There are 2 protein chains.
Amino acid sequence: MKSNITMKDIANKLGVSSVTVSKALNDKEGVSDNLKLKIKKVAGEMGYRFNSAAKSIKDGLSYNIGVMIPQRFTGLNDSFYLRVYQEIAVQLDHYGYFGILNILSSDEEEELSFPRVYSENKVDGIIILGQISKKYIETVQNMDLPKLFLDFYDEHAMIDSIVTDNFYGAYELTNYLIQNGHRDIAYVGNVHSTSSIQDRFLGYYKSLLEHGLKFEERLLLNDRDERGYYIDIELPDRMPTAFVCNCDQVAYNLCERLRGAGYRIPDDCSVVGFDNDIYATLNSPQLTTVEVDIEQMARTAVKSIMDKVSNPNRRNGRVLVHGKIIYRQSVRNISDSPVVL
Amino acid sequence: MKSNITMKDIANKLGVSSVTVSKALNDKEGVSDNLKLKIKKVAGEMGYRFNSAAKSIKDGLSYNIGVMIPQRFTGLNDSFYLRVYQEIAVQLDHYGYFGILNILSSDEEEELSFPRVYSENKVDGIIILGQISKKYIETVQNMDLPKLFLDFYDEHAMIDSIVTDNFYGAYELTNYLIQNGHRDIAYVGNVHSTSSIQDRFLGYYKSLLEHGLKFEERLLLNDRDERGYYIDIELPDRMPTAFVCNCDQVAYNLCERLRGAGYRIPDDCSVVGFDNDIYATLNSPQLTTVEVDIEQMARTAVKSIMDKVSNPNRRNGRVLVHGKIIYRQSVRNISDSPVVL
DNA sequence: CTGAAAGCGCTTACAG
DNA sequence: CTGAAAGCGCTTACAG
């Protein structure tokens, strides 16, 4: 496999030393402009390619960042996490870094084994995307490497995280429903499943509290089992006028269920989602929802991890990235008098 | 950044040489089982992590494979290519390799510049996913590195490729429509846009030929402009009884259009798609389509590129991966007498 | 402005 | 079974 041009080859051709070639190619001081130019020219002609492994071994830096995604999040139709990863790769490029995808298999997650990107020193930091098990969080904590949780967090782990502002997103959505005259509002989601679902629930709850509305158990509808698989949503006996769903796909599923039971949307029930993914626009009517700002999340995550690479003691805590409400047709104003804005 | 344990550290602790440590940790001959065990134990205790950069520099191998995806394919709602990439990453893991994602920006594609993964020697091979421009194909050909096209090909470029068997997929789908009594069948897709669309068209065409049906220009409906953006599909004056669409999303768009024009599916028109992506199941009725076997494609691609890494002269030509027809409710049998299977 | 020497962490070939 | 020596391609002091 050894047919590559090295700095030494360029040096020989020009009758200089490889030190001089290194300086020239890296635009360092100590080489006359004339020689610098000549070296670059010859390097180009000879098809020289930089050997980053040699630099890595010197610097102790791989110039790669690992992006870990648990396998169960990647089989979904809507590949939110893969799109985030893609945006991370684009952002890393600005820093001269690359992204290595590390799909965490269920086996690895259970066996609590370190990922190969870590045990083989392939990355200078790792971004973990999507909820991982409590036990595996401990494993992650034991990794001697900058790390960052993206799109979820764990309050016990002292690991920095970047999350969408789920709390305020759901809070504002619920406020909006209340502005539209709704008083009997359900929340759809398993609050024990992920921190996102829980935070969105709490945002919804805060809105109820602030408006003096009472939360009752019947208003909390489950959407998935403990392993995260969707279940049929059970409609309550006394129907609410509006539903805050923890994500668009669940909102979509709920709408199907409601239509099946003879309800029209938004005439009989209003429904809001979260994420602004494909399910929001495919639903009919299209869903009012909150858009996650993927680019901003990726940008923030990459900046934060690069920070930590240069300064391992840097702590950024939990950073919230604001989502944006997208108003569409799935909410009906049911107040007696029109709402004054 | 230099706080890592090296083989030398382990060697010192045990009073042996680093050569012996290397042999022990790599399970090579020439170390007593006893010592081997002791070395491994101490390595574990000290939290030793292998430095792959050092190995890379020796072997001239990065143990990474680049996966290049043109930017314009990643913004889509349905991230087919990202799912393929993910499956590639999983397959690479079996070989001890990692995948580095390389989003090819439109600028790079126009400037014909080498990707950084290449100029920095970050990868031992590169898999290119999704059609790239003719010009950029030349650039790719000039890269001195094993390379592979995935999900498209170029007949002028002597570059191996792995593609879904688009031709036979569309051929079989069209046969199926004919079996169901259809004689007036349109094809929807811009045949100059991608090789996939073209090959699917040719499979459709072959089926017509074999059944003595005449192809007419009016049966070819355009779905996108030369830059690949979807356009409104113009329905022909004299309506066919069935439509072969180049992909599910286009089939979905067509169905919307047909419904808008007052046609019912499959009562008035039958429609088939290709890909079995989310649009196939979201459409109502769900679409009869061809499922691309992503896992098999990724497996074949990874095997092929690994082949080339160990043997750069290896040529595998164009490998076709069979899709599978998924029969659903978007086709109506319009033959006078029931079809006997 | 230019280069000889040393070293990053590992492995290979060879000697004992 | 064990290890001293050399080398992979580059960069960082340091000397001239």
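This is a predicted model, so every value here is computed, not measured. Lettering of chains follows the sequences in order, A, B, ..., and the numbering in each one begins at 1.
Taking the side chain of S22(B) as heavy atoms from C-beta on, and the options dT11(C), dA4(D), dG9(D), the nearest nucleotide is dT11(C). In this structure, of dG9(D), dT11(C), dG3(C), it is dT11(C) that holds the atom nearest to the side chain of N26(B). With dA5(C), dC10(C), dT2(D) as the candidates, the nucleotide lying closest to the side chain of T20(B) is dT2(D). Comparing dT2(C), dG9(C), dC10(D) by their nearest atom to the side chain of M7(A) picks out dC10(D). Distances from the side chain of T6(A) to the nucleotides dT12(C), dA13(D), dC10(D) place dC10(D) closest. With dC8(D), dA5(D), dC8(C) as the candidates, the nucleotide lying closest to the side chain of K58(A) is dC8(C). In this structure, of dG3(C), dC8(C), dT2(D), it is dG3(C) that holds the atom nearest to the side chain of S17(A). The listed nucleotides are dG3(D), dT12(C), dC1(D); the one nearest the side chain of S32(B) is dC1(D).
If you look at Y153(B) and F149(B), their ring centroids are not closer than 6.0 Å. Under the 6.0 Å cut-off for aromatic ring centres, Y85(A) and Y85(B) qualify, their centroids lying closer than that.
Nearest heavy atoms, Y97(B) versus R116(A): N-NH2, 3.4 Å.
In this structure, D160(B) pairs ionically with K308(B), as a charged nitrogen and a carboxylate oxygen lie closer than 4.0 Å. Ionic pairing of E87(A) and R299(A) is not present here: no N-O contact between side-chain nitrogen and carboxylate oxygen is shorter than 4.0 angstrom. For the pair R72(B) and E109(B), the salt-bridge criterion is met [side-chain N within less than 4.0 Å of a carboxylate O]. Between K41(B) and E45(B), at least one side-chain nitrogen of the basic residue sits less than 4.0 Å from a carboxylate oxygen of the acidic one, meeting the salt-bridge criterion.
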Using a cutoff of under 3.5 Å, can you pull out all pairs of nitrogen or oxygen atoms linking the protein to nucleotides 14-16 of chain C, with atom names and distances?
none

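What separates NZ of K55(A) from P of dT12(D) is a distance of 6 Å, to the nearest Å. For N12(A) and dC10(D), the CG to P distance is 12 Å, given to the nearest whole Å. With rounding to whole Å, N51(A) atom CG is found 13 Å from dC8(C) atom C1'. Going from atom NZ of K8(A) over to atom P of dG9(D) covers 12 Å, rounded to whole Å. Note: CZ (R49(B)) to C1' (dC8(C)) measures 16 Å, nearest angstrom. Atom CG in L61(B) sits roughly 18 Å away from atom P in dC10(C) (whole-Å rounding). The CG-P distance, from L25(A) to dG9(D), rounds to 15 Å in whole Å. D59(A) places its CG atom 13 Å from the C1' atom of dG7(C), with the value rounded to the nearest Å.
Judged purely by distance below 3.5 Å, without hydrogens or angles, the side chains of S52(A) and N121(B) never pair a donor atom with an acceptor atom.
Comparing K36(A) and V19(B) along DNA chain C, the residue whose closest nucleotide (by nearest heavy atom) sits nearer the 5' end is K36(A).
D9(B) places a side-chain heavy atom less than 4.5 Å from the side chain of M46(B). Counting heavy atoms from C-beta outward, V31(A) and K38(A) have side chains that stay 4.5 Å or more apart.
In terms of phosphate contacts, Y48(A) brings no side-chain nitrogen or oxygen within less than 4.0 Å of OP1 or OP2 of dG9(D). At the phosphate of dT12(C), OP1 or OP2 sits under 4.0 Å from a side-chain N or O atom of K28(B).
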Structure string for DNA chain C in dot-bracket form, Watson-Crick and G-U at under 3.5 Å, | interchain: |||.||||||||.|||

